[in-house]
Amino acid sequence: MKFGGPLPEPSEPYWGQATSTIDWCEENYVVCKYIAEFWNTSTNLVFFALAIFGMYKVRATRQENRFLFCYVAMLVVGLGSWLFHMTLQYQWQLADELPMVYGTCICIYCALQADAKVGSDIYVSLGLFGYSAVVTLVYVQIRKPVFHQVAYGLEVAMILVRNMMHQIEIRRTNARAYSELVHMFWLGVGSFGVAFVLWNIDNIFCNDLRALRAALPAALGPLFQLHAYWHIGTALGCYVSIVYQQYLRLVKLGTADRFCMRRLAFVVPYIDRRKKGE
């Protein structure tokens, strides 16, 4: 690995020529000959860390398996993204992008079924399965990244709208729960929003960013790998969205008073069982 000194010429691709339909702005095989995009790959560690922590807390607080599935899906997305950016091979691109659609469908299920007394579980499940199947079949045929981006964006929009509807309802009945939900809602939206802005800057101004990184000392260049920040922001946003659904479910079940919200480093929320005297 090489972190200092002038940028070297890229070596021969360890994983072969790129077959993915997207090659991001990070220079390939510069830091490590085994990893095509080192910073875009390594920042997926944030997905792993938050997903594993989330799974542990679901088990520790004995919450429903639906949330465990959410965190497993998040872990799979991080693994797929790691393999995609490490190799730039098309099969691993699909392993990154399609689990984003599948995992978000699980979160949609949680948002739509937060109140166990509302809706038909089988119809919601079949509808989300059908959506995932159609997106998969169309995407592997047309191989247009914009199609995947739109399909994923529609899912995120559905979750945002449903969550806002829940908040309007809860505001009338539980001020403390409403405050917690609003805080997590804006933390998640903010994380995704900042990440999305940086993702677009990285795409639109790639040549300028590459020139800037080439002009800077090599130790400072990674600070301007903006797609890497997309991974950090979306990992945090995804994690917060799942914690939001966990807390929302507790509020809907009327058991939220048995739990409390805590935060790692004053930022990362998680649910814990309330101790005696709290």
Side-chain angles (χ1 to χ4, degrees), residues 50-51 53-74 77 99-135 151-192 236-263 268-274 278:
L50 291 176
F53 178 69
M55 287 188 282
Y56 165 74
K57 295 307 295 183
V58 168
R59 285 306 188 197
T61 55
R62 298 178 182 178
Q63 289 191 269
E64 294 165 282
N65 284 334
R66 64 175 71 179
F67 304 115
L68 187 64
F69 296 151
C70 286
Y71 287 118
V72 169
M74 180 179 173
V77 169
M100 291 171 63
V101 174
Y102 308 153
T104 308
C105 278
I106 302 175
C107 290
I108 291 173
Y109 174 90
C110 293
L112 295 179
Q113 295 293 308
D115 189 336
K117 299 183 292 293
V118 174
S120 176
D121 160 273
I122 186 65
Y123 294 127
V124 171
S125 299
L126 287 175
L128 293 171
F129 178 83
Y131 181 82
S132 297
V134 169
V135 169
Y152 176 68
L154 289 173
E155 291 182 298
V156 173
M158 178 179 291
I159 292 175
L160 290 177
V161 170
R162 188 65 183 117
N163 285 347
M164 287 188 288
M165 292 170 65
H166 283 307
Q167 287 169 197
I168 291 171
E169 177 187 341
I170 292 170
R171 183 178 184 178
R172 305 190 191 104
T173 59
N174 192 329
R176 185 176 69 180
Y178 172 76
S179 177
E180 290 285 7
L181 289 170
V182 168
H183 181 273
M184 286 190 285
F185 179 86
W186 288 113
L187 176 58
V189 169
S191 299
F192 270 111
L236 178 60
C238 181
Y239 169 84
V240 171
S241 176
I242 300 171
V243 177
Y244 180 103
Q245 299 302 330
Q246 291 176 256
Y247 190 72
L248 174 64
R249 178 65 169 163
L250 294 174
V251 173
K252 291 289 188 176
L253 291 174
T255 58
D257 289 342
R258 303 176 194 172
F259 300 83
C260 61
M261 294 297 305
R262 305 191 193 280
R263 286 173 175 81
V268 181
Y270 66 95
I271 295 172
D272 209 357
R273 285 194 173 270
R274 193 177 296 278
E278 282 188 307

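Residue numbers count from 1 along this sequence.
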Pairwise side-chain contact, [X] with [Y], heavy-atom cut-off 4.5 Å (strictly under):
X: Arg176; Y: Met261; value: no
X: Lys57; Y: Phe67; value: no
X: Glu64; Y: Leu253; value: yes
X: Asn163; Y: Gln245; value: yes
X: Gln63; Y: Arg249; value: no
X: Val72; Y: Met55; value: yes
X: Asp115; Y: His166; value: no
X: Ile108; Y: Tyr131; value: no

Do any N or O atoms from the side chain of [X] and from the backbone of [Y] form a donor-acceptor pair under 3.5 angstrom?
X: Ser241; Y: Gly237; value: no
X: Ser179; Y: Ala175; value: no
X: Arg66; Y: Ile106; value: no
X: Tyr239; Y: Pro269; value: yes

Would you say CE of Met158 has more than 12 non-hydrogen atoms from neighbouring residues, nucleotides or ligands within 6.0 angstrom?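 Incorrect, the count does not exceed 12.
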
Answer yes or no: does atom CZ of Arg59 have more than 12 heavy-atom neighbours from other residues, nucleotides or ligands under 6.0 Å?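 At most 12 heavy atoms, drawn from other residues, nucleotides or ligands, come within 6.0 Å of this atom.
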
Are Glu180 and Arg263 close enough for a salt bridge, meaning some N to O gap below 4.0 Å?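 Answer for the salt bridge query: yes.
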
Glu155: side-chain hydrogen bond (donor to acceptor under 3.5 Å, both in side chains) partners, not counting sequence neighbours: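 Applying side-chain hydrogen bond (donor to acceptor under 3.5 Å, both in side chains) to Glu155 gives none.
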
Check the orientation of Phe53 and Tyr270. Use parallel for under 30°, tilted for 30 to 60°, and perpendicular for over 60°.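 Aromatic pair Phe53/Tyr270 classed perpendicular.
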
